> 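There's a structure below that I have some questions on.
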Amino acid sequence: MENVIIPCNLKPPPVLPIIPTKAGIIQPSEFSTTISFDSHLDKLCRDGRLSDAVAALDAIAERGSKVKLKPRTYMNLLQSCIDTNSIELGRKLHARMMGLVQYVNPFVETKLVSMYAKCGCLHDARRVFDGMRERNLFTWSAMIGACSREQRWKEVLKLFYLMMGDGILPDKFLLPKILEACGNCADFKTAKVIHSMVVRCGFCGSIRVINSILAVYAKCGKLNWARRFFESMDKRDLVSWNAIISGFCQNGRMEEATRLFDAVREEGTEPGLVTWNIMIASYNQLGQTDVAMGLMKKMESLGIVPDVFTWTSLISGFAQNNRRNQALDLFKEMLLAGVKPNAVTITSAVSACASLKSLGKGLEIHAFSIKIGLIEDVLVGNSLIDMYSKCGELEAAQEVFDMIIEKDVFTWNSLIGGYCQAGYCGKACELFMKMQESDVAPNVITWNVMISGYIQNGDEDEAMDLFRRMEKDGKVKRNTASWNSLVAGYLHVGEKDKALGIFRQMQSYCVIPNLVTMLSVLPTCANLLAEKKVREIHCCILRRVLDSELPVANSLLDTYAKAGNMTYSRTIFDRMLSKDIITWNSIIAGYVLHGFSNAALDLFDDMTKSGLKPNRGTFLSIIYSCSLSGLVDKGRLAFSSITEDYNIVPGLEHYAAVVDLYGRPGRLGEAMEFIENMPVEPDSSVWAALLTASRNHRNIGFTVRALDKILDLEPGNYLIQRLRAQADALVAKSENDPKMRKLEKENATKRHLGRCWIELQNRVYTFVNGDQSEPYLYPWIHDIAGKASKYGFHEGLCIEEEEKEEVGRVHCEKIAIAFALIGFPRKAQCIRIVKSLRMCGNCHETAKYISKTYGCEIYVTDSKCLHRFSNGHCSCKDYW
DNA sequence: GGAACTACGT
């Protein structure tokens, strides 16, 4: 601002009194000229004394004087209110006018509408507008302009039709706004109406109107219309090019967009900053952030300086493509380049911090946004609330919430969600109540957030109550996400069956499940008992055409593998058009699970040939495949290449896999040496791998060492205590060890852990060791077990997880197999059993024998691994 | 009195 120098010898001008002594008449002694009350008020306005002018009006009205002012005076007063953004004075003025103006003047009323509209009081503008008897083009323009500023596009279109009904046509200034609304509502019909109107009324001369029409066609995805229109244009400017390029970009047709981008030059125009921005933003949205980055470099080399749009779209592109740290680096770079971020930029950067749960960086940007005066922005505030909630800093989130003056539904939802996530349902509920009293109504998301908050914190009743009430009390229609909240909530608290129940119910209510539903429900079926359920869900996925969604296909193939159906898993894999690292890892892990190590290794080769980089999960499967195939050296090589070639720090799971690798062929010494040289402290999974190895190779010394190490780490582990006692008994060569008896007495409740489940004809049956529910099975069991032991049973180190089988205490999996084969009306071809403990050697041999003599496949998942018995062999190669 | 093409959060 310039400094105004006031000469010191000059007296300040006389100050106008608020009201002349007699209404409307000015005392000649006070003023050089006689002026009317109208001009008195005008002068007050011009001098910036708007409040005095209003006070004068007030005073006059209080005296009861009937003053008739010129409409022009009111308009000037209102215009001053607009210029100085003085909404309170404007309201006062409005109230006075109601009493003072004898006749309704559409011009004054229009001014009122535009005052309210410009000050953001859409409601009041609408009230005045609705009360008007006569509206002119200005009136409609003011109202439509206000709605368009507030992005209330549907209202804009409604107003447009009303206006046409009144016989008033929009002019070339109003048309672009209405067309913008058409674009945002995808209202192609109205756009066509306007197009023909423009042609008929001769507005074709306005390039802005023409560009707007082009933009609507492009935005509505009517690219052929847009192209034809574009080609028919007599005159095109850069904006026209931008509009058509943007249309192709938004519909993902990047090739055509690029061709058009090149065509700009051919026409002799240079692509401008906006043109580049459109291309850059599109590549970002498509996840091709590197291409976008390259474009920015190219644009800079051509001398075009990236602006806040360029930077912001790159930052949000990186943030949304799991490259949040780079997004924040870009943010810094932008500041260094001297480009001032705006609310959208800050929002993107803060949301990157939120996903990173990086409180430090979030705080920095919070402080920065205060510095540059963006803290009151609702967008910035909302993202900060989200960031603080995700970082568990609810007090800070609350503080930001309290600071936001004009809260929107996101503001409320973010904080409510934050409290729910942190488990403070009471606090969330309090806010939920307050929100209902505020002028922001809870939307379906608010209700869903509350529901999932309650259910994840174990308050099922309250959640169901909200779920029932939302439609009636909340006047909010339930959506798929509402049902998903219930499904995910039950899963969160481990209630798989209830989650599946909700899934079924949702289908009976004809609610269409979506990707999220499938991704929640599928993993619940990742076991041998649920194979049929997986097929059921698979059908549902096909019906909803969700099989083309990569995450769904990945989850489906993974679940099939875990449910024991490798054939379907492979079919899905083969039919997938695009595959990512998760796809490959899932199928490879599936083959390892089923003991097909060669298939796993072959797929690993295919995967690396396709150019994908293996990650930790891939390597884990590969080491286990090598272990299964006895390829110790190859396995060791794979383990070394984790660090050497891929720069990944191996996890404990990788170390355990290497112990398994040495352990299988009985290279126990090397396994032990490997453990001793580990750079990290081995955990019980590493020792458990050694335990398995030493048990399988009947090395009592190593067995005891491994058991002792595990007991150090998990002193309360009953199973390990039992095995340890058995080992002592074995060393003492006494079958009747007192320690063992003491242990079993103390843990009487834990003893009957031998339990298994089997699914037959859509029903799951449970059996415990020595189960007497089907006594007629026993003769068959004893007969088969006898034959099986002759067939090839060799005693291992007799340390088993459950008590020895005696007469009348047959292990449950034998009973289950017998039930499936002879107890059930239809003989099963494929038997699927889940067992709580590790199978004993005898049951394992029996299962192998049965698979050969009965020609069936038997799948047993025990606490160690999946056993697939077929034709007398087991997928674990007798090492488990 | 005023306009077209570009970036965004649960």
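Throughout, a chain's letter reflects where its sequence line sits, starting with A, and its residues are numbered from 1. Values in this document were obtained by computation on a predicted structure and should not be read as measured data.
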> Please report the distance, rounded to the nearest Å, between CE in Met143(A) and C1' in dG2(B).
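Answer to the nearest Å: 16 Å.
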> Looking at Phe173(A), is its backbone amide N or carbonyl O close enough to the side chain of Asp171(A) to form a donor-acceptor pair, meaning the two atoms are under 3.5 Å apart?
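Yes, the answer is positive, given that a donor and an acceptor are paired below the 3.5 Å cut-off.
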> What is the separation between atom CD on Gln151(A) and atom P on dG9(B), rounded to the nearest whole Å?
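Taking atom P of dG9(B) as the reference, CD of Gln151(A) is at 14 Å.
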> Give the rounded distance in Å between these two atoms: CG of Asp307(A) and C1' of dT6(B).
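Result: 8 Å.
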> Rounding to an integer number of Å, can you tell me how far Leu379(A) CG sits from dT10(B) P?
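Taking atom P of dT10(B) as the reference, CG of Leu379(A) is at 10 Å.
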> Any carboxylate oxygen within less than 4.0 angstrom of a Lys/Arg side-chain nitrogen, looking at Arg259(A) and Glu256(A)?
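Glu256(A) and Arg259(A): not salt-bridged.
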> Ser351(A) has a side chain; which of dA4(B), dT6(B), dG9(B) sits nearest to it?
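For the Ser351(A) side chain, the nearest candidate turns out to be dG9(B).
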> Please tell me whether Thr312(A) and Thr345(A) have a donor and an acceptor in their side chains that are separated by less than 3.5 angstrom.
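There is such a pair between these side chains.
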> Could you work out which one of dT6(B), dA7(B), dA3(B) sits closest to the side chain of Ser316(A)?
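Shortest atom-to-atom distance from the side chain points to dA7(B).
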> Hey, does the side-chain of Asn342(A) have a donor or acceptor N/O within less than 3.5 Å of a partner on the base of dA7(B)?
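Result: at least one qualifying N/O pair found.
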> Nearest of dA3(B), dC8(B), dT10(B) to any side-chain atom of Val344(A)?
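The listed nucleotide nearest to Val344(A)'s side chain is dC8(B).
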> Given atom CG of Leu260(A) and atom C1' of dT6(B), what is their separation to the nearest angstrom?
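Leu260(A) atom CG is separated from dT6(B) atom C1' by 16 Å.
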> What's the CZ-P distance between Arg208(A) and dG2(B), to the nearest Å?
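So the two atoms are 13 Å apart, to the nearest Å.
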> Can you list everything that forms a side chain to side chain contact (heavy atoms under 4.5 Å, CB included) with Asn76(A)? Sequence neighbours excluded, please.
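With sequence neighbours excluded, Asn76(A) shows a side chain to side chain contact (heavy atoms under 4.5 Å, CB included) to Asp42(A), Arg72(A), given in chain and number order.
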> Within this structure, what is the CD1-to-P distance between Ile207(A) and dA4(B), rounded to whole angstrom?
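So the two atoms are 14 Å apart, to the nearest Å.
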> Please name all residues satisfying salt bridge (charged side-chain N to carboxylate O under 4.0 Å, His left out) with Arg200(A), sequence neighbours left out, ordered by chain then number.
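Arg200(A) satisfies salt bridge (charged side-chain N to carboxylate O under 4.0 Å, His left out) with no residue once adjacent residues are dropped.
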> Residues from residues 270-280 of chain A sitting under 4.0 Å of DNA chain B, heavy atoms only?
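Of all residues in residues 270-280 of chain A, the ones placing a heavy atom under 4.0 Å from DNA chain B are Val274(A), Asn277(A), Ile278(A).
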> Test of understanding: with side chain to side chain contact (heavy atoms under 4.5 Å, CB included), list the residues that count as partners of Ile385(A), not counting sequence neighbours.
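Here the qualifying residues are Ser389(A), Ala397(A), Val400(A), Phe401(A), Ile404(A), Thr411(A), Ser414(A), Leu415(A).
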> Measuring centre to centre across the rings, with the benzene-like ring taken for any Trp, is Phe160(A) within less than 6.0 Å of Trp140(A)?
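When the ring centroids of Phe160(A) and Trp140(A) are compared, they turn out to be at least 6.0 Å apart.
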> Nearest to the Gln320(A) side chain among dG9(B), dA7(B), dG2(B), which nucleotide is it?
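The answer is dG9(B), which lies nearest to the side chain.
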> Could you give the side-chain donor-acceptor pairs of residues 192-199 of chain A under 3.5 Å, partners two or more places apart or in another chain?
unit_1    : atom_1 : unit_2    : atom_2 : d
His195(A) : ND1    : Tyr217(A) : OH     : 2.8
Ser196(A) : OG     : Val193(A) : O      : 2.9

> Give a yes or no on whether the backbone of Gly247(A) and the side-chain of Asn251(A) come within a donor-acceptor separation of less than 3.5 Å.
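Yes, because the side chain of Asn251(A) sits within donor-acceptor range (under 3.5 Å) of the backbone of Gly247(A).
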> Does Asn136(A) have any side chain to side chain contact (heavy atoms under 4.5 Å, CB included) partners at least two apart in sequence or in another chain, and if so, which?
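Asn136(A): side chain to side chain contact (heavy atoms under 4.5 Å, CB included) contacts with Phe107(A), Thr110(A), Phe138(A), Thr139(A).
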> Ala281(A) has a side chain; which of dA7(B), dC8(B), dG9(B) sits nearest to it?
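When the side chain of Ala281(A) is considered, dA7(B) is the closest of dA7(B), dC8(B), dG9(B).
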> I need the residues from residues 406-440 of chain A with at least one non-hydrogen atom less than 4.0 Å from DNA chain B; give them sorted by number, or say none.
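DNA chain B contact set from residues 406-440 of chain A: Asp408(A), Phe410(A), Asn413(A).
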> Classify Lys111(A) by what it touches in the nucleic acid, base, sugar-phosphate, or nothing, heavy-atom distance under 4.0 Å.
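Here Lys111(A) touches no strand at all.
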> Expected output is a numbered-order residue list: members of residues 364-373 of chain A with a heavy atom under 4.0 Å from any atom of DNA chain B. What is it?
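None - not one residue of the stretch has a heavy atom sitting under 4.0 Å from the strand.
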> So for atom CD, which belongs to Glu134(A), do other residues, nucleotides or ligands contribute more than 12 heavy atoms lying within a distance under 6.0 Å?
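No.
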> Heavy atoms under 4.0 Å, any strand shown: does Asn284(A) hit a base, just sugar-phosphate, or nothing?
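It contacts nothing in the nucleic acid.
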> By salt bridge (charged side-chain N to carboxylate O under 4.0 Å, His left out), which residues pair with Lys390(A), not counting sequence neighbours?
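By the salt bridge (charged side-chain N to carboxylate O under 4.0 Å, His left out) rule, Lys390(A) matches Asp386(A).
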> Output the rounded distance in Å from CD1 (Ile213(A)) to P (dC5(B)).
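So the two atoms are 13 Å apart, to the nearest Å.
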> Within the structure, does a side-chain N or O atom of Lys172(A) lie under 4.0 Å from either OP1 or OP2 of dA4(B)?
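Answer no for this pair, as no side-chain N or O of Lys172(A) is under 4.0 Å from OP1 or OP2.
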> Give, ordered by number, those residues of residues 222-258 of chain A having at least one heavy-atom distance below 4.0 Å to an atom of DNA chain B; if nothing qualifies, reply none.
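Contacts with DNA chain B under 4.0 Å: Asp237(A), Val239(A), Asn242(A), Ser246(A), Gln250(A).
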> Establish, from distance only, whether the side-chain atoms of Asn322(A) and Arg324(A) form a donor-acceptor pair under 3.5 Å.
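Their side chains do contain a donor-acceptor pair, which is all the 3.5 Å distance test asks for.
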> Among residues at least two apart in sequence or on other chains, which ones pass salt bridge (charged side-chain N to carboxylate O under 4.0 Å, His left out) with Glu155(A)?
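Glu155(A) satisfies salt bridge (charged side-chain N to carboxylate O under 4.0 Å, His left out) with Arg152(A) once adjacent residues are dropped.
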> Donor-acceptor pairs are to be reported for all side-chain atoms of residues 364-376 of chain A against protein atoms at under 3.5 Å, with residues two or more places apart or in another chain.
unit_1    : atom_1 : unit_2    : atom_2 : d
His366(A) : ND1    : Tyr388(A) : OH     : 2.7
Ser369(A) : OG     : Ile365(A) : O      : 3.3
Ser369(A) : OG     : His366(A) : O      : 2.7

